Amino acid sequence: WNRLQYGPEAPRSDELIFVDPLLIRDSYDRHAGGKPLRRQHSGMVVGGDWDLCRTPYAENVKSISCRMRYLEGADWEETPIFERLMRQIARGERPDDCGSREDLLNRYQTLDRVYEETRRRGRLLPQADLPDYFRGEHGGILVHIDRDGLPLRASGGMHRLAIAQILELPEVPAQLGVVHPEALYKACLVPLRCSRLDPGPRAATG
């Protein structure tokens, strides 16, 4: 349907794009008057003013907690995200599939390993290079593209994005979320389809 409407360069579901993490300054915030836009909406072209519903990404609790951990040396137990998740567990919930303090500690030990591996490698790997690969960039850092072609953080991959910003990586692989039609008319997707670190057919096709 997208190709019929917008031609061969139309956005695709679960498409791999490459973005400068430091350009992601805002989060899409459906609570500010927007609509639910999640992974299942990947590749959709959505008009209107949804992209004006935003909050500063730096104020996100996961971003704050990652900066405390990796820039200030705090223990995870001292961070606001750990405290929030522990409150949810106490209510009988399973945030991020964690049901106990030990589960949370194990989860964040895994994130520490991701941080160290990313720091050594100097880049985040696309989903196709990971063992639990499904299709396209499904499961990656989810970003929507606003009317000016700028990325808005969506609901997935927040810790990885925070790590990329802390390490000031030149680019990150991301899963394309929804796209504002004005960005298409301005051909804003074209440069996002090619990696500056690994140019080639895979970067172009997603």
Side-chain angles (χ1 to χ4, degrees), residues 18-32 34 36-42 53-134 137-144 151-175 177 197:
F18 299 90
V19 298
D20 180 344
L22 298 181
L23 289 180
I24 304 178
R25 302 185 181 97
D26 292 323
S27 298
Y28 173 67
D29 186 359
R30 67 180 181 89
H31 299 293
L37 296 173
R38 302 188 178 92
R39 289 198 190 277
Q40 62 263 38
H41 302 110
S42 173
C53 303
R54 56 178 74 196
T55 55
Y57 174 64
E59 297 177 3
N60 180 275
V61 67
K62 292 184 179 180
S63 176
I64 292 170
S65 298
C66 284
R67 292 199 303 272
M68 289 176 62
R69 173 64 173 167
Y70 299 122
L71 294 178
E72 301 171 16
D75 292 332
W76 280 114
E77 296 93 321
E78 301 174 294
T79 63
I81 187 58
F82 199 93
E83 295 175 5
R84 174 195 284 185
L85 298 181
M86 282 301 300
R87 288 195 298 270
Q88 293 178 356
I89 289 171
R91 294 196 297 265
E93 302 172 18
R94 291 186 62 85
D96 297 325
D97 203 29
C98 294
S100 67
R101 186 182 190 87
E102 182 179 1
D103 287 346
L104 278 183
L105 289 172
N106 288 337
R107 170 175 168 73
Y108 283 107
Q109 285 175 1
T110 299
L111 191 65
D112 286 344
R113 290 194 292 272
V114 171
Y115 175 83
E116 289 300 327
E117 290 170 2
T118 303
R119 184 180 61 81
R120 289 195 302 269
R121 189 184 294 118
R123 64 189 298 181
L124 281 169
L125 296 177
Q127 293 295 297
D129 291 344
L130 301 179
D132 56 351
Y133 174 66
F134 177 49
E137 189 60 15
H138 184 85
I141 296 171
L142 183 65
V143 298
H144 302 318
L152 288 175
R153 186 205 66 80
S155 57
M158 286 186 280
H159 288 108
R160 282 168 285 171
L161 174 57
I163 287 173
Q165 291 188 339
I166 289 167
L167 294 174
E168 298 184 354
L169 300 183
E171 70 176 23
V172 292
Q175 179 186 359
L197 302 179

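Only a predicted model underlies this, so the values are computations on that prediction, with no experimental measurement involved.
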Keeping the roles fixed (side chain from Gln127, backbone from Tyr133), state whether a donor-acceptor pair exists under 3.5 Å. no
Is the shortest distance from a Lys or Arg side-chain nitrogen in Arg107 or Asp97 to a carboxylate oxygen in the other one below 4.0 Å? no
With rounding to the nearest 0.5 angstrom, report the OG1 to CG distance, Thr110 to Leu105. 11.0 Å
Closest approach of Leu152 to Ile24 (non-hydrogen atoms, all atoms of both residues): C-CG2, 4.5 Å
Without swapping roles, check the side chain of Thr55 against the backbone of Asp29 for a donor-acceptor pair under 3.5 Å. no
At what distance, to the nearest 0.5 angstrom, does CD1 of Ile163 lie from CG of Leu111? 4.0 Å
Whether the side chain of Asp96 engages the backbone of Cys98 through a donor-acceptor N/O pair (distance < 3.5 Å, no angle test) should be reported. no
For the student: nearest non-hydrogen atoms of Arg54 and Asp26, plus distance: NH1-OD2, 3.0 Å
Could you give the distance from CG (Leu22) to CD (Glu171), rounded to the nearest 0.5 Å? 12.0 Å
dist Arg25:CZ -> Arg153:CZ (nearest 0.5 Å) comes out at 16.0 Å
Keeping to residues at least two apart or across chains, list the salt bridge (charged side-chain N to carboxylate O under 4.0 Å, His left out) pairs with something in residues 82-92. Arg91-Glu93
Is a side-chain donor or acceptor of Ser63 paired with a backbone partner of Glu59 at a separation under 3.5 angstrom? no
Search all heavy atoms of Leu142 against all heavy atoms of Gly177 and return the closest pair with its distance. CD1-CA, 3.8 Å
Any donor-acceptor pair under 3.5 Å linking the side chain of Tyr57 with the backbone of Met158? yes
Please report the C-alpha distance between Tyr108 and Ile81 in whole Å, then the side-chain angles of each, then the deciding distance to 0.1 Å, and finally whether the side-chain contact (heavy atoms from CB on, under 4.5 Å) criterion is met. CA-CA 11 Å; Tyr108 283 107; Ile81 187 58; 3.4 Å; yes
Do you know which two heavy atoms are closest between Arg160 and Gly140, and how far apart they sit? NH1-CA, 3.8 Å
Between the main-chain N or O of Ala58 and the side-chain N or O of Arg67, is there a donor-acceptor pair closer than 3.5 Å? yes
Less than 4.0 Å between a side-chain N and a carboxylate O, is that true for Glu116 and Arg113? no
Apply the test side-chain contact (heavy atoms from CB on, under 4.5 Å) to residues Thr118 and Leu169: give CA-CA distance (whole Å), side-chain angles for both, the deciding distance (0.1 Å), then the verdict. CA-CA 9 Å; Thr118 303; Leu169 300 183; 3.8 Å; yes
Show your working on side-chain contact (heavy atoms from CB on, under 4.5 Å) between Asp112 and Trp76 and close with a plain yes or no. CA-CA 10 Å; Asp112 286 344; Trp76 280 114; 3.1 Å; yes
To the nearest 0.5 Å, what is the distance between CD on Glu72 and OG on Ser65? 10.5 Å
Is atom CD of Gln40 surrounded by more than 12 heavy atoms (other residues, nucleotides or ligands) closer than 6.0 Å? yes
Please examine the side chains of Ser100 and Ile89, heavy atoms only from C-beta on, and report whether any two atoms are closer than 4.5 Å. no
Does the side chain of Ser42 come within less than 4.5 Å of His138's, by heavy atoms? no
Aromatic plane relationship, Tyr70 with Tyr115 - under 30° parallel, 30 to 60° tilted, over 60° perpendicular: parallel
Heavy atoms only: give me the nearest Arg39-Gly156 pair and the separation to one decimal. NH2-CA, 3.3 Å
Worked check of side-chain contact (heavy atoms from CB on, under 4.5 Å) between Met86 and Leu104: CA-CA 8 Å; Met86 282 301 300; Leu104 278 183; 3.6 Å; yes
Restricting to non-hydrogen atoms, name the atom on Pro21 and the atom on Ala164 that form the minimum distance, rounded to 0.1 Å. CB-CB, 4.0 Å
Gap separating the CD1 atom of Ile166 from the CG atom of Leu71, nearest 0.5 angstrom: 5.0 Å
Report yes if the side chains of Leu161 and Val143 come closer than 4.5 Å at any heavy-atom pair, otherwise no. no
